[in-house]
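What follows is a single structure, written as structure tokens, with notes after it.
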Amino acid sequence: MNGRNAWIKCLTLALCLCTLLSAPRTRAEQGNGKGADITKKCAFKVSEGNKGKMLDGNAGSIWSYKHKGAYVGIKLPKDVEAGWLRVEWLFDPKAYELIEYDADMNVLRQRTQADMFPNIYSMYELLPGTKFIQLKLTAKDQSICRIGVYSSGELPADVQLWNPPVDKADLMVVSAHQDDEIIFLGGTIPYYAVALKKPTVVVYMANCARYRRAEALNALWKMGVRDYPDFINLPDEKVGSIEAGIKLWGGKDNILSLVVERIRRYKPEVIVTQDLNGEYGHNQHKITARCMKYAIDAAADPSQYPESAEKYGAWQVKKLYHHLYKENAMVMDWETPLEALGGKTALEVAKIGMKEHSSQTGAYAVKSHGTYDNSKFGLYFTTVGEDEAKNDFFEHIDPDASAAYLATHAAEIEGQKAAAAAELAAAAQTAEAEPDDAEGEDTGETGEEAPSEDGTGEGDMPSDDATEASEGDMAEEAFNAGDDEADQAPEETEDDAEGAEAETTEAETPETETSEKETPTEDFPDSTPGESDDIVEGQEGVQAAGQLLVASETANADNPPQTAAGPVAVRENGGSPLLLIALIGVGVAVVGAAGWFGWRSMQGRRRHRRRRR
């Protein structure tokens, strides 16, 4: 009897252990009150394509489709209140419908692209009671890298919930490429946008490929920026002269019109941008820097580029600073620990952000010394007088200027937002009117450019002991070539021998886990008949673009780019199939051992009884 009782107790214990350890556990269920990733608890259905491509946790694995009207359906769990839908798009979406349903399939809300500013990391807040979601793609070429659902509650800190770009900026940071704003402008963004909380917009001129955009967003988020940047998306290619670079970017007039529109839209008090010499002589850096004074003058004149003047009004920028400009020079202090940055310095926070540029960290450094010292700036233009203290970009600037403007122009700003939404709606209608691609035809351009020999789309940054930047390409018609200030070469320093090698610190990699590839698919509002889990034909171009998110050649072969996707909430699940199988195996072993010992015990008692007889 005792042996049988032991066998039963061991069996019960093993089964309980398997049940407890294999049950999925979310943060919310553990009692910390935060929203949790509940993607694995949801059921997904797609009208075409392989849904596993957006559920495998890999940003380089892309779900795509062939026909407009394709949809993703999501059935939410009954026992958890869903709060957010996260869609990581391959590129900015153009036209879609997002419909929320309750448990009885009543429509709770319907939204379109015009209700959300375009961004690749889109977070959609869900209404209470939402149990079904349908995301209908009403235009072509809107591939999805990853999709996820979060329960209601406070989102984990590493989930990127972006605000729209600012309505009125104190500071505009203009960067040629995604990473220049950190490498060459140093602590500018951590100090002003994060520590001092000045409304800031970061403007990127060149489109360095989709994975570089993702790296830029991850870097800004890691530094503490929450207002979405502005990507102008001009081509990024190596060019041999400023003239060639201007031609690549559509001509001087096109470049100026794009920058003037951003100045008028965001109305910055101060602009900070790159070196007139292009730091190490990069022509796209030079164009970015040299167009700025022309753009500031044009933005203040409503007769120039009247289309943007009509939309946003004229605007006078008060100060313009260039990296490494020697006139009215100043050295910014990026190395004092700040309480607002958790005791870190602005430079340390910039370095944390740079780690997210994993495709670039093997070749570029963030340094406040050497030839490319990111603490050295000069005041190129001012309407409020020259700096005296020379330690603050906002010297002589009214700290309440932006707040006062917002208070007195609230109705005007709301009108501009309404006009922008109307433009998005019109663009969506245009996209919806485009015909489907022909059978077997590629679904459209990916926007990715083949990496150059250095993997960046840019030229290599030479070491500090390289020769000074050549000025032979400074033609008179090429933005400010007639100014003496533009002919300044980088200052030689004692640190010239250090080169531009990267700091040897480990990159901080966001934790992610893989979602289930297959989930039940029943009870969805179908809008397109049929479903297939096979990848649609003719998607090679889009799939190839996705691979660039996770693998590309780099300037340093020992530092390949990592997954450039935005971080997602950590799913604390103990319920994977492999773990369950392992636990069942342990349970069987325990039960077998208990049975064997019980049998031996019973045999021993029988022998003992026979001897006594």
Side-chain angles (χ1 to χ4, degrees), residues 37-77 82-102 105 107-113 115-116 118-127 130-150 428 431-432 436-437 443-444 514-536 539 542-543 546 565-566 568:
D37 189 332
I38 59 171
T39 305
K40 286 188 175 182
K41 290 190 171 186
C42 302
F44 289 78
K45 180 178 181 179
V46 293
S47 60
E48 57 180 281
N50 184 351
K51 65 191 174 193
K53 295 286 186 178
M54 59 182 165
L55 292 170
D56 60 5
N58 179 3
S61 177
I62 300 165
W63 175 77
S64 53
Y65 58 93
K66 188 187 304 181
H67 303 103
K68 290 187 301 181
Y71 71 88
V72 178
I74 308 172
K75 182 180 180 181
L76 306 177
W84 297 90
L85 171 68
R86 182 180 191 270
V87 181
E88 183 180 329
W89 304 91
L90 180 60
F91 301 111
D92 287 342
K94 296 178 290 187
Y96 61 78
E97 294 177 2
L98 181 64
I99 310 171
E100 299 168 54
Y101 301 84
D102 65 15
M105 301 308 300
V107 175
L108 297 177
R109 178 167 57 181
Q110 183 170 348
R111 286 175 281 181
T112 68
Q113 173 60 57
D115 299 315
M116 177 79 174
N119 68 96
I120 60 172
Y121 292 160
S122 295
M123 292 289 294
Y124 305 94
E125 190 169 11
L126 303 175
L127 291 175
T130 298
K131 290 302 176 185
F132 296 91
I133 304 170
Q134 184 186 68
L135 177 60
K136 182 179 178 182
L137 291 312
T138 54
K140 62 183 182 179
D141 304 339
Q142 299 182 103
S143 300
I144 295 175
C145 299
R146 293 193 291 192
I147 195 167
V149 182
Y150 294 86
E432 290 170 348
D436 280 332
D437 292 292
T443 57
T514 303
S515 300
E516 297 290 346
K517 286 189 177 182
E518 296 298 331
T519 49
T521 57
E522 70 273 14
D523 299 331
F524 291 102
D526 288 354
S527 63
T528 304
E531 178 187 8
S532 168
D533 280 341
D534 297 321
I535 189 66
V536 294
Q539 303 302 312
V542 176
Q543 298 303 320
V568 298

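Values below: all heavy atoms of this structure, side chains included; hydrogens, waters and symmetry mates excluded.
Residues satisfying the side chain to side chain donor-acceptor pair (under 3.5 Å) criterion with Gln110, sequence neighbours excluded, are Glu97. In this structure Asp102 satisfies the salt bridge (Lys or Arg N to Asp or Glu O under 4.0 Å) test with no other residue, sequence neighbours excluded. Residues passing the side-chain contact (heavy atoms from CB on, under 4.5 Å) test with Lys131 are Ala103, sequence neighbours excluded. With sequence neighbours excluded, the residues satisfying side-chain contact (heavy atoms from CB on, under 4.5 Å) with Arg111 are Leu98, Glu100, Arg109, Asp115, Tyr124, Leu126. In terms of the side chain to side chain donor-acceptor pair (under 3.5 Å) criterion, Gln113 has no residue partners (sequence neighbours excluded). Evaluation of the ring pair (Phe, Tyr, Trp, His ring centres under 6.0 Å) rule for Trp84 yields no partner, not counting sequence neighbours.
Side chains of Ile120 and Asp92 form a contact here, defined as non-hydrogen atoms less than 4.5 Å apart.
The main-chain N or O of Gly57 is found under 3.5 Å from a side-chain atom of Arg146 such that the two form a donor-acceptor pair. Lys51 contributes a side-chain N or O that, together with a main-chain N or O of Phe44, makes up a donor-acceptor pair within less than 3.5 Å. A side-chain donor-acceptor contact under 3.5 Å links Glu48 to the backbone of Lys66.
From Tyr65, atom OH reaches atom OG of Ser143 across 7.0 Å, with rounding to the nearest 0.5 Å. Residue Ile74 holds its CD1 atom at 11.0 Å from OG1 of Thr130, rounded to the nearest 0.5 Å. Leu76 CG to Thr39 OG1: the interatomic distance, rounded to the nearest 0.5 Å, is 10.0 Å.
A centroid separation of less than 6.0 Å is found between the aromatic rings of Tyr96 and Trp89.
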